[in-house]
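What follows is one structure encoded as structure tokens, with my remarks underneath.
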Number of protein chains: 2
Amino acid sequence: MAENEKKRIDPRVLRTRQMLKEALIELLEEMDVEKITVNRIAERATINRVTFYLHYKDIQDMLEKMADEMAENVNRVMMRTIEQHKSGDRETLLLGLLEHIAANAKFYKVVLGSRRIPVFHERLRSVFVDKIKLGIEEIEEHNPDIQSDVAVWFGSAALIGTISAWLRNDMPYTAPFMARQFALLFKQR
Amino acid sequence: MAENEKKRIDPRVLRTRQMLKEALIELLEEMDVEKITVNRIAERATINRVTFYLHYKDIQDMLEKMADEMAENVNRVMMRTIEQHKSGDRETLLLGLLEHIAANAKFYKVVLGSRRIPVFHERLRSVFVDKIKLGIEEIEEHNPDIQSDVAVWFGSAALIGTISAWLRNDMPYTAPFMARQFALLFKQR
DNA sequence: GACTTAATTTACATAGTGTTGGATAATCAA
DNA sequence: TTGATTATCCAACACTATGTAAATTAAGTC
């Protein structure tokens, strides 16, 4: 059932998109996003340049689609973590997220850790904003002087920014350690 | 003395650069940075396109130079605030910063609030990182379980991100209010 | 094996880049 | 004010990248 939902896509399409994406990630490891052209992506992917346009409007469009996929994945991971542990416990939730990121570190380091690709940060931020909004009441009860939307801005920015820095520095700490750090840093009394 | 330090620059140069910068800010208000070309900037500034290249290598170079100027300004503002109040009090320091940003909201909204111009975020982050490192010992004393570099990542990201969100939402709260919010949010016990 | 759809090839018009050499105009120094 | 200096302008150039079109080849589907 599950694999029929997306009514079977031609394997050639999957292959081409996969190769284009891998090529783009590779290039992003090597150069700034402004230096990347459709030419280069196609060449690296050993795909004809014209074929690129059969799949994406332009590079920006491609980045956005990849960012959407990333957001979906992150959402799914967080959902799954919650189900497995049957608790909205913040630390375990973060641990699930961080372990997913660590498992796909090559990708996330490029799109979040590196400079100059804001689409991914935007998408991830809106995922976090949604998640944080759900657990925000506690803060309001605890400290009524804190404006809830400011707290959401603060929390989501701190999360993304810290994770990005963690990736930029080649993850010097383990995922569980980072989850614990977040728990401590977010703790209000 | 002070004005002689930069050994008098030709007023034509100052004028040209000023017009180019204003044109770029205007364009950034109107469109994404990828859509901006040297052509457009020159046209908007009523400056010949060739003249652009007499001042900047390319658009990226121009953005970097503007980001450097911004970082200098922010640094200066924070220094001045500390001098005036003769105290490293966090809330007043932040208030000085936020008031400076509010006073130049048009500029900051474009370069920080809008999407897709990471250079400015980077530069501002490194300013904050420096500042936060100085006041980090207290946290270490208070809670020895928190890794100091993680705390720096967390703090700087939260600051920039919250300020950006504040600008993106057209500053619905006053600068003093935001300074107070930061003080509350950063408070650890 | 016939049908369908994806990818390739070649080609073209358009737009932007970065640099040149020479003319013009604004600033500076005497 | 004058003459020297230097910034800006103008026209032109080669080059790279973009995005699209039409016809051909190759791969996947039933």
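Here is how names work: the chains are called A, B, and so on, in the same order as the sequence lines, proteins then strands, and each is numbered from 1. It should be emphasised that the depicted structure is a prediction, and the values quoted were computed from it without experimental measurement.
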Practice problem: Round to a whole Å and report the spacing from OH of Y53(B) to C1' of dC13(D). | Solution: 14 Å
Exercise. Please work out if T51(A) contacts a base, only the sugar-phosphate, or nothing of the nucleic acid, heavy-atom cut-off 4.0 Å.
Key: base
Quiz item: How do K35(A) and L54(A) order along DNA chain C: which one's closest nucleotide is nearer the 5' end?
Solution: L54(A)
Quiz prompt | T81(A) and L95(A), any side-chain heavy atoms less than 4.5 Å apart | solution = no
Self-check item: Side-chain H-bond candidate by donor/acceptor type, Q147(B) with Y173(A), under 3.5 Å
Solution: yes
Quiz item: Looking at F182(B) versus F177(B), is the centre-to-centre ring distance below 6.0 Å?
Solution: no
Quiz item: In whole angstrom, what separates I9(B)'s CD1 from dA7(D)'s P?
Solution: 11 Å
Practice problem: Classify the nucleic acid contact of V50(A) as base, sugar-phosphate or nothing, counting any heavy atom under 4.0 Å across all strands shown. | Solution: base
Practice problem: Measure from CZ on R8(B) to P on dA29(C) and round the result to the nearest Å. | Solution: 6 Å
Exercise. Could you tell me whether the side chain of R12(A) has a donor or acceptor atom within less than 3.5 Å of a complementary atom in the base of dA27(D)?
Key: yes
Quiz item: Quick one: D10(A) CG to dA26(D) P, roughly how many Å, whole number?
Solution: 17 Å
Practice problem: Classify the side chain of R49(B) and the base of dG16(C) as holding, or not holding, a donor-acceptor pair under 3.5 Å. | Solution: no
Exercise. Tell me whether the OP1 or OP2 atom of dT9(C) has a side-chain N or O from N48(A) closer than 4.0 Å.
Key: yes
Quiz item: Hey, does the side chain of H55(A) come within less than 4.0 Å of dA6(C)'s phosphate (OP1/OP2), counting only N and O?
Solution: no
Exercise. Answer yes when E29(A) and K109(A) have at least one side-chain N-carboxylate O distance shorter than 4.0 Å, and no when they do not.
Key: no
Quiz item: Taking atom C1' of dA6(C) as reference, at what distance in whole Å does atom CZ of F52(A) sit?
Solution: 16 Å
Quiz prompt | Any donor-acceptor N/O pair, T92(B) side chain to D89(B) backbone, under 3.5 Å | solution = yes
Exercise. Check the distance between dA17(D)'s C1' and I41(A)'s CD1 and give it to me in whole angstrom.
Key: 12 Å
Exercise. Indicate, with a heavy-atom threshold strictly under 4.0 Å, whether I47(A) touches base, sugar-phosphate, or nothing.
Key: sugar-phosphate
Quiz prompt | Spacing of L14(A) atom CG relative to dA27(D) atom P, expressed in whole Å | solution = 17 Å
Quiz prompt | Residue whose closest nucleotide on DNA chain C lies nearer the 5' end, N39(B) versus P11(B) | solution = N39(B)
Self-check item: Nearest-nucleotide pick for I59(B), side chain only, options being dA17(D), dT17(C), dA7(C)
Solution: dT17(C)
Quiz item: Could you state the CG-P distance from D58(B) to dG18(C), rounded to the nearest angstrom?
Solution: 5 Å
